[in-house]
Each structure stands twice: as structure tokens, then as C-alpha cells.
Amino acid sequence: MYQTLLTRNEAGIFYITVNRPEKLNALNKIVISELGAAIEEIYTNPNIKVAIITGAGEKAFVAGADISEFQQLDATGGRQLAAKGQELVFDKIERCPKPVIAAVNGFALGGGCELAMACHFRLAGSNAKFGQPEVNLGLIPGYGGTQRLVQLIGKGRALELLMTGAMIDADTALRYGLINHMLPLTELLPKTTEIAKLIMTKAPLAITGCIHTANAVYDQTQNGFELEIATFGTLFETEDAKEGARAFLEKRKPAFQGK
Ligand code: COA
């Protein structure tokens, strides 16, 4: 049980809802630590196949790091806050072997935009607003925002958002490619769930392969093409790849087992 998160597993889809609506779901230390634990659950619980992260209420996904915790920070404290958050939550989501999808139901600012960007892809309600307003506080993003925003929307657009602290609406986010789909808020979770269910019909080890090879594009320590070749080869030895080819030839749906 978590203090600041609601979690539920519905037939393999693990819904994580950041639940501090009175503070627009701002990420304080407890939320970060609990998100870390919930993400660890995704890694370790075999009954979780796909995760969806959203925010409680109809106003905010996450309106950023909790600014009330900033006042006591010095250089070491600031570095630790960023480093721990990146390690336990943001990088861990990005590297998660199972898909993690953001369903952005309102403000996704600062750490909220960074949380959405750490997910493998994003859907948003038409009320969503995205931004990195840290410059208003004399800061820059600390949870990977400078890197992932450039990766997702390009340097020029990213630097404009980073330097102005301006918010963009869901329409603009769609046009920028920051989100894949924009929906009326009532359809946000149903559509996200539908995509999660479609992914769950595929071979889990191949899904993991998609995530890791796509991540390699942005990882200077890896050669993504070589990783693709190696992963492609390894997957041929899985039961699921044999089942996939067999099912195709027998004109039936494959029954994948994640082996
Ligand atoms: N940290 C701490 N508390 C936050 C917060 C944050 N990032 N974002 C919102 N809150 C709190 C507000 O202080 C307020 O608390 P209160 O009712 O105890 O005063 C409550 O959430 C509701 O927010 P409020 O500002 O009254 O809502 P609004 O509709 O007028 O404005 C925002 C919404 C998102 C524009 C505004 O809350 C905001 O600018 N938040 C900060 C965004 C930010 O800079 N994030 C990056 C941090 S690095």
C-alpha cells in the first residue's frame, strides 16, 4: 500500500496513479520513493505485463517537483535529488523491460513533463498542458528533461520551451510529436488501455527487445545496430518466435508465453 499512489493490476495492466490532487500531484520525496517502489514492482512482478502512469483528478498529471522542498537544498542536496530521482524513477522507467505508457490527464509540468517523457510513449487528454518552467525558479530540469525533450521534439523547439518556461497545449504537443494521441479526457484511459491490451497480445521478449534497441539510439555507450542484430538473433531461440512462425503458417493466432 502506498501513501501517495493508487495502484491496481487489472488483468496484467498495472495502473499507477499519482494521488496528491490537492497539490496537483506534485512529486515530493515520498512520491519519488513510492514511484521507485512501484516501478520496481513492474520489473519483478510476473503478473504485470504493461504499466500505465496517470494522475489523480481532472486537473493535473503531475505539476512538477514539489517546490516547497526546494528551499532547504544546497548544491549537494540538489545534485542528490536529481541523481536519486533519475536512478530510481526516470531512468528506471525508460529502461523497464515492460512497456510503461503515460496517460497525461492535465498539467504535466517540470518533473511531470519529465515523468511523461521517461515513459515509452504518451497519450494525453485534450486539457493537457506540457512545459518545463524551471527557469521561472532559477533552475533547469533535473529529472532528464533537458535530454529527453531534445530527443523527443528536437533541439530548437526544446530550447524554446526550456528557455521561456512556456506551456504548450495538447494540440501543440501532438504536432511536436511529444504525444502520440490526443483524446477527450473521458477516452484517455480507455484508449491507453486498448493500446496496452494490443501490446499484450505480442511476444513479451520481443517487446522488451523493441524497448532496449530503441533506447540504444540515445545511448552513446551502445551501437544500436549491433544490439539489434544480436537481439534479432537471440529471439530466434525463443519458444515464442517458434510459436509465432508456426501460428502464422497454421493460420491461427499465436499463444505467446514470454519464453
Ligand atoms: N509544488 C508544490 N506545490 C504545488 C506545485 C508544485 N510543483 N504545483 C501546484 N502546487 C500546489 C499549489 O501550491 C496549490 O497549493 P495550495 O492550495 O496549498 O496553495 C495547489 O497545488 C493548487 O495549485 P494552484 O497554483 O492553486 O493551481 P492553479 O490552477 O492556480 O495553477 C499551475 C496551476 C500548474 C499553473 C500552478 O500550480 C503552477 O504553476 N505550479 C508550479 C508548476 C511548476 O513550476 N512546476 C515545476 C517545478 S520544478
Side-chain angles (χ1 to χ4, degrees), residues 2-6 16-36 53-94 102-119 122 124-153 157-173 176 178-179 182 185 188:
Y2 297 107
Q3 252 183 77
T4 61
L5 305 179
L6 301 170
I16 301 174
T17 305
V18 181
N19 187 32
R20 289 183 81 206
E22 71 292 349
K23 294 290 177 191
L24 304 188
N25 304 321
L27 303 174
N28 63 10
K29 282 191 183 138
I30 304 174
V31 183
I32 289 290
S33 141
E34 293 193 337
L35 272 175
I53 302 183
T54 193
E58 296 192 347
K59 190 166 171 184
F61 173 68
V62 164
D66 192 319
I67 299 168
S68 68
E69 291 182 346
F70 281 9
Q71 278 172 314
Q72 68 260 30
L73 291 178
D74 57 9
T76 310
R79 250 199 309 268
Q80 276 173 356
L81 184 80
K84 276 261 168 252
Q86 290 197 17
E87 180 195 336
L88 298 178
V89 177
F90 297 81
D91 292 353
K92 198 155 174 177
I93 291 173
E94 185 170 74
V104 180
N105 58 308
F107 288 113
L109 302 175
C113 189
E114 291 169 295
L115 182 63
M117 291 194 295
C119 293
R122 290 142 292 284
S126 47
N127 64 329
K129 293 238 169 12
F130 296 83
Q132 296 289 161
E134 287 84 356
V135 285
N136 295 328
L137 304 168
L139 298 169
I140 65 166
Y143 289 145
T146 63
Q147 304 304 293
R148 293 195 181 98
L149 195 60
V150 172
Q151 291 168 358
L152 287 166
I153 68 173
R157 285 167 166 169
L159 273 176
E160 182 182 338
L161 289 187
L162 291 165
M163 294 195 290
T164 60
M167 287 186 214
I168 55 169
D169 60 16
D171 252 329
T172 309
Y176 281 7
L178 186 57
I179 60 173
M182 179 181 72
L185 193 52
L188 176 62

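One-based numbering, in listed order, for ligands and for the atoms of each.
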With a 3.5 Å cut-off and sequence neighbours excluded, list the donor-acceptor pairs that the side chains of residues 71-81 form with protein atoms.
unit_1 : atom_1 : unit_2 : atom_2 : d
Asp74  : OD1    : Thr76  : N      : 3.3
Asp74  : OD1    : Gly77  : N      : 2.8

Counting only heavy atoms on the protein side, is anything nearer than 4.0 Å to atom 12 (C) of ligand 1? no

Would a search of protein heavy atoms around atom 43 (C) of ligand 1 find one under 4.0 Å away? yes

Check whether any heavy atom of Lys129 sits under 4.0 Å from an atom of ligand 1. no

Give the contacting part of Lys59 toward ligand 1: side chain, backbone, both or neither, where contact means a heavy-atom distance below 4.0 Å. side chain

Atom 36 (C) of ligand 1 touched by protein (heavy atom, under 4.0 Å): no

Hey, what do you get for NZ (Lys29) to OG1 (Thr4), rounding to the nearest 0.5 Å? 14.0 Å

Heavy-atom pairs closer than 4.0 Å: do any link ligand 1 to the side chain of Ala63, the backbone, both, or neither? both

Any nitrogen or oxygen of Ile67, main chain or side chain, under 3.5 Å from a nitrogen or oxygen of ligand 1? yes

With a 4.0 Å cut-off on heavy atoms, does Gln132 reach ligand 1? no

Protein non-hydrogen atom below 4.0 angstrom of atom 27 (O) of ligand 1 present: yes

Taking atom CD of Gln147 as the centre, report whether more than 12 heavy atoms of other residues, nucleotides or ligands fall under 6.0 Å from it. no

Quick one: does Ser68 get an N or O within less than 3.5 Å of an N or O on ligand 1? no

Under 4.0 Å and counting heavy atoms only, is there anything from the protein next to atom 18 (O) of ligand 1? yes

Within the protein, is there a heavy atom lying under 4.0 Å from atom 31 (O) of ligand 1? no

Among Val135, Leu178, Ile168, exactly one meets side-chain contact (heavy atoms from CB on, under 4.5 Å) together with Leu161. Which residue is that? Ile168

Winner among Arg20, Glu22, Lys23 once heavy atoms are compared against atom 16 (P) of ligand 1: Lys23

Is the side chain of Asn105 donor-acceptor paired with the backbone N or O of Gly55 at a distance under 3.5 Å, no angle test? yes

